[in-house]
**Student:** 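Have a look at the structure that comes next, please.
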Amino acid sequence: MAEESTTTTSYRSEKYNPHEIEPKWQRAWDERGIYSIDLASDREKYFFLTMYPYPSGDLHAGHWYAEAPADAAARFKRMRGYNVLFPMGYDAFGLPAENAAIKHGIHPAKWTYKNIERMTRQFKQMGAMFDWSKKIVTCDPEYYKWNQWFFVKMFERGLAYRKESYVNWDPVDKTVLANEQVVDGRGERSGALIERRLMPQWHFKITAYSEELLDFEKLDWPERVKLMQTNWIGRSEGAEVTFQSEEGDDIVVFTTRPDTLWGASFMVLAPEHPLVAKLTRSEYREGVETYVKQTSYLSEIDRQAETKEKTGEFIGAFAINPVNQAKIPIWIADYVMMGYGTGAIMAVPAHDERDFAFARRYDLEVIPVIQPAGEAFDGATMSEAYTGDGVMVRSGPFDGTLAGKEGAGEGIQRVIDWLERQGIGKRRITYRLRDWLISRQRYWGTPIPMLYCDHCGVVAEKEENLPVVLPEDVEFLPTGESPLNHHQEFLNTSCPHCGGQAKRETDTMDTFMDSSWYWFRYLSPHKNDGPVEKDLVRRWTPVDTYTGGIEHAILHLLYARFFTKVLRDLDLIDMDEPFLKLRNQGMILGEDNEKMSKRRGNVVNPDDLVASYGADTVRAYLMFIGPWEQGGPWNSKGIEGISRFLNRVWSLVVEPSIESGGVDEEVCKELRYATHLAIKEVSKDLEGFQFNTAIAELMSLTNTMMKIKSQEVTASAEWREAERSLLLMLAPITPHISEELWERSGHRGSIHLEAWPDHDEEALAQDTIQMAVQVNGKVRGQIHVPQDASREAILEIAKNERNITRHLEGMAMVREIVVPGRLVNLVVKPDKS
RNA sequence: GCCGGGAUGGCGGAAUCGGUAGACGCAACAGACUUAAAAUCUGUCGCCCCUAGGGGCGUGCGGGUUCAAGUCCCGCUCCCGGCACCA
C-alpha cells in the first residue's frame, strides 16, 4: 500500500480502508470473546439458527447470502437485549466426499476436515458472530454416536424397522440413489439408466406421526412451506370397501368416493399386488406375467413419466361388488400404486378421469351414478368423467341422495355409515406420506448399528459398544460400491446377545438423520453421557428463529419435526415442535439473472469481492439487493453504490466540517426528526427481515446529515444523537466499520455490546403537515396545514390554493372528502345553474 | 393437469387496514473541482404535450366496484416454484 504524505502524525489512515480495520476487529473480538455465549445467563434467551452447510470446500455467494443477513438479524436481537445463541456447524457426511475419494484418491475424512477448516476461515472473514466453541461436525464419532443411539432406541420402540422396499438402483455405481439423485431416469453421477430393485432396507416410521405433522398451529412459518408439507403428507378421507373374488378372496379397495360405489364397472390391482398371482386365470397368465415384469423394470420415475397412455392387462378373474353383487372384471395396471391405499381400486370411469381414460382404451363399461341437475349422462357417449356434485342414481337405497366431494358431502358420509352397518366397509383415512427409507449403500455416513446373528437374527448393538466406528483404513473401488462390504474386520463381529458369530449391517444412514436433531447438540457439543443436556434443552429450545433455503421445505424440515416428536416420546425433551419461526431466503443469481454456475461463467466469488471492497460492503450489498425471501441477480455496479455509502458514512464521522453556517434551531429539529424516523423504520424492518429497506432508511439519514453538516451543527446534541444512532443501527449490518467509527468518535467499549436505540414518538410530531388536494380524484395541489387543523380549516385552505381555485371555477361541489394527514378530495360536477 | 407465488421507470426495487406511484440505489445526462481524467460534490431523471402557471397518459392485458385501485372483485396472458396417475 502506497504511503500517503498526510499532514497528520496519527497512526491511522484517514481513508476508509476495510482491509486494515476488518482483520483488526475480527482479531480483537476473538481475543475479547465478545461473541462467546453464556448459556446459563439469566438474560432472556434467543436461539437463532441458520441451516448448517455441507462442507463443500468453498464459501460461495449463496452461503454469504444465507448467512450474512441472518447474522445481521441475530445481532439485532442481541442489541435488543436478548442472550442470543447463534451457532454454526457442518453437515459433514455425504456423497461428494466419497466421490472425491474415488476420483482423487483422497480419504473422505481428510477431504472433509480440510474443507471445514477452509470454510471456517472464510466464515470468520465475513465477520459473523458465530460462537465457534459450540461447533459440531456430524462426521465426528462424538456426534454420530448419538445417531446410532437414537436408532437403537427407535428400533426398540418399533419406530425403526427393516422391510423390502423398491429402490433406485444404479447398475454402474452399484448403489442405491435417492430420488433427488435421479435425473430423467438416469443416475446423476454415472448417467446409467436407473433400475427398480426390491431390497431389504431400514425405515423410520414417520407415518405414525402423519396426523400430528399436519398441525402447524403453533408455528410462524411461511404459508407456502406449510402448504407444501401438507400436500406432501397428502391426507385423504374415504372408506375401505371389501370386494370378493368369485372364489371368495377378500380384495380391499380404498376410495374417497364411496358415493360412486354403484358405478364401479371394473377393478384394478397394482401389478405388485399379492393377490395377482393367485387370481390370474391360466389362459391369461402369460400376458399378465409379461406385464408385471415390464412394469418392474420401470423405475418409479419412468412409470410416472408415462402419464399419457394408460396400459393394463385383464387377469381373467372377476370380483363381486358387495353393494349390488355386480360381477366386474379384474385388471392390473401400473397407474395403481402398491404403496398407496391398499394397492387396489374399484374403477368408476363415469366419475374418475383416470378410470375413464382406461375404460375407453379397453372398451370397458361406463356407468354414471351421479347426476347433476339438468343433465342426463349416457355411459356410452360421455366424453369425459363427471367429478362434480349431483344426485345419486342407480344406487339402490341411496337414489336421490345429494352427493359429491365439493359442497354436498352428505352422500359420502351416509354411504360410509351404511357400509359399516352392513359390515362391508369402514371409514378410513390414508396418507400419501411413506415411511422414511434411511438405508444408504454408502461408506461416508453413520453406520447403522445393527447386526445379523445366525442364532438371534436381527439385533441392535449394545449401548456401551457405541459408537460403531466407521473404519478409516478402507479401499475405494472404482465401481462405487461401499468399501464396508469388503472390510472383514468391520464386517465380522460377535453377537451382543449370544456371543456367537454375527455380521454387521454395512449400510449407513441417510444424512438427513444428522440434520434431524443437530440444533440440540449445539447446546452441549461434547457431552459424552447422552445426546442432549436436558436442562439446557429445556431452557434454550425450541429454536426461536430458523433460516435457510426453501429447498428444504419438505424433507429436512419434515424429518426434523418428526424427530422432535420421537425425542419427545422417548422422554428426552418436552416439546412438540423444533422451530417456532421459519424464514426462507431466496437465491442469489448471476448477473445474467440465471443460476450461478461455472458452465455459464456467471459465478461471483465472495473472496474476490471481499478483497476489493471488504466484508462490510459485501454484507450490506447482499442485504440491499432486494427482499431477502426473493433473492435476485447480482449487479457488479450496484455494489459500488454501497461502497460509496460506507465511504460517506466514514467521512461523515471522521472528517471535520470545514463549512460554518451557524446553528439553526429548525435544522436541528429536522435532524432529530430524521434520526427518530430512521430508528423507527429500521427497527421495524430488521424485525421483519426487510434488510433492503432498512439500509435505504440508513442511506436517507446519512444523506440528510451530509446536507446539513457544518461546524456548528456537528457541535449540537442532535448531531451527536444522529451519529450515535446511525452507527448503532449499522452495527448489525456492517459490524467492522461501525466498530471502528464507534471508537473513533470517542466511545469506549465495543459497539456490539451496546443497546439498540429507541425512537421517541414526540420527535416525530410535526407542527405542520403537507396534504395533497385532489379534484375529482386527481392531484391538483399541495397544502400545508397545522397538525391539529379541523376538517373545516383544512377544506378552507384547500379551496384557496391557487390551482384548486382554478379547477373549482364553474363547478358545483358534490362531496368533500378529508383523509387526515393524507389528502383532500373535492368531488365536483359542472354547475348548470 | 393440480396447488402456490409473481409481473411497477433503462435496471434492482419502494409504496398493499384502498388515500399524493416510483423511497433508496444503479445507469444516464448536465454542472462544479481538475491542465485533463478518475474520485468527490451539486442538479435533472416514468412517457408525452407546453413559453410559463400547467395539462394528458401511466403499475402485464380486458372488464368491474369506489369520491379514490399497483392495492379489492371477475375474466385472461406470461414468468417462477412445488407436486405430479395418490384412487
Side-chain angles (χ1 to χ4, degrees), chain A residues 15 222-232 234-236 238 253-257 260 268 270 301 303-310 333-337 339-348 351-355 357-358 430-434 550-551 553-554 586-587 591 593 621 624-627 629-642 644-645 647-648 651 681 690 692-703 706-707 770-782 802-803 806-807 814-828:
Chain A
K15 283 225 169 84
E223 280 308 314
R224 62 172 170 161
V225 175
K226 294 193 274 185
L227 199 74
M228 278 160 79
Q229 291 205 355
T230 301
N231 291 340
W232 184 263
R235 182 183 197 273
S236 303
V253 303
F254 172 73
T255 177
T256 58
R257 293 295 305 271
T260 64
V268 186
I301 286 108
R303 205 157 138 177
Q304 286 161 2
E306 254 180 279
T307 51
K308 299 258 149 58
E309 276 297 291
K310 292 212 177 348
D334 64 4
Y335 82 91
V336 173
M337 311 284 155
Y340 182 79
T342 60
I345 61 160
M346 61 164 192
V348 185
H351 306 294
D352 182 281
E353 285 164 36
R354 296 151 302 181
D355 297 346
F358 193 81
T430 54
Y431 302 89
R432 209 191 69 115
L433 185 69
R434 317 273 175 97
I550 187 75
E551 67 274 18
I554 298 173
M587 205 194 296
E591 202 143 14
N593 213 359
Y621 180 60
F624 187 63
I625 222 164
E629 321 82 69
Q630 199 179 294
W634 178 264
N635 183 319
S636 51
K637 287 284 187 192
I639 195 171
E640 300 278 353
I642 291 288
R644 270 187 281 234
F645 165 59
N647 274 295
R648 278 155 70 86
S651 60
E681 295 298 311
Q690 317 262 275
N692 56 332
T693 48
I695 292 171
E697 284 296 332
L698 292 172
M699 286 173 167
S700 293
L701 176 59
T702 305
N703 292 346
M706 284 296 269
K707 266 192 195 115
Q770 193 181 24
M771 289 175 80
V773 183
Q774 300 180 327
V775 177
N776 286 342
K778 289 189 176 189
V779 179
R780 299 298 185 188
Q782 299 287 337
R802 216 169 64 162
N803 198 39
R806 205 168 62 84
H807 278 92
V814 177
R815 222 172 134 179
E816 295 167 334
I817 289 147
V818 178
V819 184
R822 293 277 183 180
L823 53 71
V824 173
N825 189 8
L826 303 171
V827 185
V828 297

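Just so we're on the same page: letters track the sequence lines, and every chain starts at 1. Heavy-atom basis, side chains included; hydrogens, waters and symmetry copies ignored.
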**Student:** Need one value for A:L823: base, sugar-phosphate or nothing, where a base atom within 4.0 Å counts as base even if backbone is also close, heavy atoms only.
**Tutor:**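 Touches a base.
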**Student:** If I take atom CG in residue A:L698 and atom C1' in nucleotide B:A23, what distance separates them, rounded to the nearest angstrom?
**Tutor:**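 Nearest whole value for this atom pair: 14 Å.
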**Student:** Check the distance between B:C3's C1' and A:I554's CD1 and give it to me in whole angstrom.
**Tutor:**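 About 12 Å, once rounded to whole Å.
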**Student:** Using the purine O4'-C1'-N9-C4 or pyrimidine O4'-C1'-N1-C2 torsion, is B:G9 syn (within 90° of 0) or anti?
**Tutor:**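 The base of B:G9 is oriented syn (glycosidic angle within 90° of 0).
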**Student:** Between A:Y335 and A:D355, is the side-chain contact (heavy atoms from CB on, under 4.5 Å) condition met? List the steps.
**Tutor:** CA-CA 10 Å; A:Y335 82 91; A:D355 297 346; 2.8 Å; yes
**Student:** Using side-chain contact (heavy atoms from CB on, under 4.5 Å), reason through A:T260 and A:M346 one step at a time and then give a plain yes or no.
**Tutor:** CA-CA 10 Å; A:T260 64; A:M346 61 164 192; 3.8 Å; yes
**Student:** Counting C-beta onward and ignoring hydrogens, is there a side-chain heavy-atom pair between A:R224 and A:I550 closer than 4.5 Å?
**Tutor:**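 A:R224 vs A:I550: side chains touch.
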**Student:** Quick one: what's the B/S/- string for nucleotides 5-16 of chain B, heavy-atom cutoff under 4.0 Å, read 5' to 3'?
**Tutor:** -------BSS--
**Student:** So do A:R815 and A:I817 actually touch side chain to side chain, heavy atoms under 4.5 Å?
**Tutor:**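 Heavy-atom side-chain distance check passes, below 4.5 Å.
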**Student:** For B:A69 versus B:G4, give the span between their P atoms, rounded off to a whole number of Å.
**Tutor:**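 About 28 Å, rounded to a whole number of Å.
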**Student:** Within this structure, what is the CE-to-P distance between A:M346 and B:A87, rounded to whole angstrom?
**Tutor:**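 My rounded result for the distance is 12 Å.
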**Student:** Does some side-chain heavy atom of A:T255 sit less than 4.5 Å from a side-chain heavy atom of A:I345?
**Tutor:**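 Of all side-chain heavy-atom pairs linking A:T255 with A:I345, none is under 4.5 Å.
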**Student:** If you check every side-chain atom of A:A696, which of B:G19, B:C24, B:C85 has the closest atom?
**Tutor:**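 The closest nucleotide is B:C24.
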**Student:** C1' atom, B:G9 versus B:C2: distance in rounded Å?
**Tutor:**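 About 36 Å, rounded to a whole number of Å.
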**Student:** Looking at A:T342 and A:V253, what are the two nearest heavy atoms and their distance?
**Tutor:**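 Answer, listing the atom of A:T342 first, then A:V253: OG1-CA, 3.4 Å.
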**Student:** Could you list, one pair per line, each protein nitrogen or oxygen that sits under 3.5 Å from a nitrogen or oxygen of nucleotides 40-46 of chain B, together with the distance?
**Tutor:**
from: B:C41; atom 1: OP1; to: A:R648; atom 2: NH1; distance (Å): 2.8

**Student:** If anything within 90° of 0 is syn and all else is anti, what is B:G53?
**Tutor:**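 Syn, since the glycosidic angle lies within 90° of 0.
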**Student:** Can you check side-chain contact (heavy atoms from CB on, under 4.5 Å) on A:I625 and A:N692, steps first, answer last?
**Tutor:** CA-CA 7 Å; A:I625 222 164; A:N692 56 332; over 6 Å; no
**Student:** Base, sugar-phosphate or nothing for A:Q782? Non-hydrogen atoms, less than 4.0 Å.
**Tutor:**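 Base contact.
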**Student:** Nearest-Å distance, CD1 (A:I345) to C1' (B:A87)?
**Tutor:**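 It works out to 5 Å between those atoms.
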**Student:** Just by distance, with hydrogens left out, do A:R648 and A:N703 show a side-chain donor and acceptor under 3.5 Å apart?
**Tutor:**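 Distance-only check passes for A:R648 and A:N703.
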**Student:** Look at the side chain of A:M228 and decide which nucleotide, out of B:G19, B:C67, B:G82, has an atom nearest to it.
**Tutor:**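 Among B:G19, B:C67, B:G82, the one nearest the side chain of A:M228 is B:G82.
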**Student:** Report yes if some heavy atom in the side chain of A:M699 is under 4.5 Å from a heavy atom in the side chain of A:I642; otherwise report no.
**Tutor:**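 Heavy-atom side-chain distance check passes, below 4.5 Å.
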**Student:** Report, one pair per line, the protein and nucleotides 51-56 of chain B atoms (nitrogen or oxygen only) whose separation is under 3.5 Å.
**Tutor:**
from: B:G53; atom 1: O2'; to: A:R802; atom 2: NH2; distance (Å): 3.0
from: B:G54; atom 1: O3'; to: A:R806; atom 2: NH2; distance (Å): 3.1
from: B:G54; atom 1: O2'; to: A:R806; atom 2: NH2; distance (Å): 3.4
from: B:G55; atom 1: OP1; to: A:R780; atom 2: NH1; distance (Å): 3.1
from: B:G55; atom 1: OP1; to: A:N803; atom 2: ND2; distance (Å): 3.4
from: B:G55; atom 1: OP1; to: A:H807; atom 2: NE2; distance (Å): 3.1
from: B:G56; atom 1: OP1; to: A:R780; atom 2: NH2; distance (Å): 3.2
from: B:G56; atom 1: OP2; to: A:R780; atom 2: NH1; distance (Å): 3.0

**Student:** Name the stems that RNA chain B belongs to, where each is three or more consecutive Watson-Crick or G-U pairs with both distances under 3.5 Å?
**Tutor:**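 Detected stem regions: B:1-7 with B:77-83, B:10-12 with B:24-26, B:28-32 with B:40-44, B:46-49 with B:54-57, B:60-64 with B:72-76.
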**Student:** With a 4.5 Å cut-off on side-chain heavy atoms, are A:L823 and A:M771 touching?
**Tutor:**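 A side-chain contact under 4.5 Å is absent here.
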**Student:** Using whole Å, what does the distance between atom P of nucleotide B:A21 and atom CZ of A:R822 come to?
**Tutor:**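 Value for this atom pair: 12 Å.
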**Student:** Can you tell me the distance, in whole Å, between the CD atom of A:E353 and the P atom of B:A84?
**Tutor:**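 Answer to the nearest Å: 18 Å.
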**Student:** Between B:A38 and B:G5, how far is it from one C1' atom to the other, in whole Å?
**Tutor:**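 Their C1' atoms lie roughly 45 Å apart.
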**Student:** Let me check something: any side-chain donor-acceptor pairs from residues 632-640 of chain A under 3.5 Å, sequence neighbours excluded? List them with distances.
**Tutor:**
from: A:N635; atom 1: OD1; to: A:K637; atom 2: N; distance (Å): 2.7
from: A:N635; atom 1: OD1; to: A:G638; atom 2: N; distance (Å): 2.9
from: A:S636; atom 1: OG; to: A:E591; atom 2: OE1; distance (Å): 3.3
from: A:S636; atom 1: OG; to: A:E591; atom 2: OE2; distance (Å): 2.8
from: A:E640; atom 1: OE2; to: A:Y613; atom 2: OH; distance (Å): 3.0

**Student:** Check the distance between B:G25's C1' and A:I642's CD1 and give it to me in whole angstrom.
**Tutor:**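 Checked: the CD1 to C1' distance equals 7 Å.
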**Student:** Check every atom of B:C85, B:C67, B:C83 against the side chain of A:M337 and return the nucleotide holding the closest atom.
**Tutor:**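 Nearest nucleotide to the side chain: B:C85.
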**Student:** Identify which nucleotide among B:A87, B:C26, B:C3 has an atom closest to any side-chain atom of A:K637, counting heavy atoms from C-beta outward.
**Tutor:**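 Of the candidates, B:C26 comes closest.
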**Student:** Quick one: side-chain contact (heavy atoms from CB on, under 4.5 Å) partners of A:R806, sequence neighbours excluded?
**Tutor:**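 Per chain and number, A:R806 pairs via side-chain contact (heavy atoms from CB on, under 4.5 Å) with A:N803.
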**Student:** Any base atoms under 4.0 Å from A:N703, or only sugar-phosphate, or nothing? Heavy atoms, all strands.
**Tutor:**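 Since only primed, P, OP1 and OP2 atoms lie under 4.0 Å of A:N703, the category is sugar-phosphate.
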